[in-house]
> 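I am attaching a structure below and will ask some questions about it afterwards.
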Amino acid sequence: MGHARIELRPGCLHVPGYLDREAQEALVADLRRIVEAAPFFTPRMPRTGRPFSVRMTNCGPLGWVSDAAGGYRYVATHPETGAPWPPMPALVLQAWRELAPAAAPAEACLVNHYLPQARMGLHRDEDEEDMTAPVVSLSLGDTAIFRIGGTGRRDPTFSIRLKSGDALVLGGQSRLAFHGVDRIVAGSSTLLAGWPPGGGRLNLTLRRVSRTESRP
DNA sequence: GAGTACCG
DNA sequence: TACG
């Protein structure tokens with residue numbers, strides 16, 4: 001079955017209700033196993049070491065991490081356990097196939113946990129080598145007030161609500177658009193009542209990192 | 001500057 | 001807006 005695709009700005013697609021409740025619950029169960037193997041860690045700002053309010057982990061061959069000494073980067077292992085990231089669940093691979101059909105396989109799936117008080121400032125995803133592939137985001141749990149602008153820091157912005165099960169695709173002219181999370185609407189979903197502790201919102205961000213050197 | 005503090 |  002198909003879903004409405006709303007183009008919020010060129011290259012930025014909102015797909016409300018992309019995952020039904022059953023798929024959301026199955027994905028949360030997958031994530032619970034992933035977090036057992038790769039616990040949430042607190043990323044820190046480059047240089048200053050200030051902590052993010054969002055906690056993170058990853059699955060797939062590469063994971064996004066940040067700390068004072070190394071800054072933003074992709075690495076193959078968990079920064080605290082040293083173990084390789086767990087594999088991406090089938091539902092995540094399927095979402096990438098459906099929402100980024102022209103792109104090479106995803107290499108990184110960043111898992112963000114937002115407690116109700118957590119926020120994410122305006123930023124661009126620019127740590128990837130391959131900017132031709134879109135960034136795909138899946139929302140689970142409490143609604144996020146999500147802000148999106150243009151490719152320049154001072155470009156006008158607007159906000160939308162990302163609900164549990166929604167997908168968002170940042171590609172084409174929006175691949176380098178500024179975006180962030182203003183706030184979480186506490187208690188807006190029952191999905192995460194059992195896990196993780198504190199409920200809130202889980203966000204999966206799927207990305208291609210390496211340039212594809214497919215020379216057929 | 002993917003962060004917070006502090007201003008008017 | 002200022003600030004690592």
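Nothing here was measured: the structure is a model prediction, and the numbers come from that model. Here is the naming used below: chain letters follow the sequence lines, and residue numbers restart at 1 for every chain.
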> Consider only side-chain heavy atoms of I, L, V, M, F, W and Y, link residues closer than 4.5 Å, and tell whether L206(A) and W85(A) are in one cluster.
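Per the 4.5 Å side-chain linkage, L206(A) and W85(A) are not co-clustered.
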
> If you look only at distance, which donor and acceptor atoms sit under 3.5 Å apart when one is on a side chain in residues 188-202 of chain A and the other is two or more places apart or in another chain?
| residue | atom | partner | partner atom | Å |
| --- | --- | --- | --- | --- |
| S188(A) | OG | T143(A) | N | 2.8 |
| S188(A) | OG | V185(A) | O | 2.5 |
| S189(A) | OG | L191(A) | N | 3.0 |
| T190(A) | OG1 | R21(A) | NH1 | 3.2 |
| T190(A) | OG1 | R21(A) | NH2 | 3.3 |
| R201(A) | NH2 | S139(A) | OG | 2.7 |
| R201(A) | NH2 | N203(A) | OD1 | 3.3 |

> In residues 155-177 of chain A, which ones come under 4.0 Å of DNA chain C, going by heavy atoms?
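None - not one residue of the stretch has a heavy atom sitting under 4.0 Å from the strand.
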
> For each nucleotide in nucleotides 1-8 of chain B, reading 5' to 3', give B when a protein heavy atom comes within less than 4.0 Å of its base, S when such contact involves only the sugar-phosphate, and - otherwise.
BBSS----

> For the pair W96(A) (side chain) and A104(A) (backbone), establish whether a donor and an acceptor sit closer than 3.5 Å, ignoring hydrogens and angles.
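Yes, the answer is positive, given that a donor and an acceptor are paired below the 3.5 Å cut-off.
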
> Do the side chain of T42(A) and the main chain of R55(A) share a donor and acceptor less than 3.5 angstrom apart?
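Flag not set: sc T42(A) to bb R55(A) has no pair under 3.5 Å.
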
> Under a 3.5 Å cutoff on both atom distances, Watson-Crick or G-U, what's the dot-bracket for DNA chain B ([ ] crossing, | other strand)?
..|||...

> Kindly write out the residues that satisfy side-chain contact (heavy atoms from CB on, under 4.5 Å) with L122(A), not counting sequence neighbours, or none if the list is empty.
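Applying side-chain contact (heavy atoms from CB on, under 4.5 Å) to L122(A) gives R147(A), R153(A), T157(A), F178(A).
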
> Under 3.5 Å, is there a donor-acceptor pair between the side chain of R208(A) and the main chain of P105(A)?
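Yes: the side chain of R208(A) pairs with the backbone of P105(A).
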
> Do L138(A) and L91(A) have side chains that approach each other closer than 4.5 Å (heavy atoms only, starting at C-beta)?
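Counting from C-beta outward, L138(A) and L91(A) never come under 4.5 Å.
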
> Report whether I160(A) and V15(A) are members of the same hydrophobic cluster (ILVMFWY, side-chain heavy atoms less than 4.5 Å apart, transitive linking).
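Each belongs to a different hydrophobic cluster.
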
> Between Y74(A) and E107(A), do the side chains contain a donor N or O and an acceptor N or O under 3.5 Å apart?
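There is no such pair between these side chains.
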
> For R73(A), check salt bridge (Lys or Arg N to Asp or Glu O under 4.0 Å) against everything at least two apart and list the hits.
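Counting only residues at least two positions away or on another chain, R73(A) forms a salt bridge (Lys or Arg N to Asp or Glu O under 4.0 Å) with D67(A).
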
> Please give the distance between the C1' atoms of dG1(B) and dA5(B) as a whole number of Å.
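13 Å, rounded to whole Å.
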
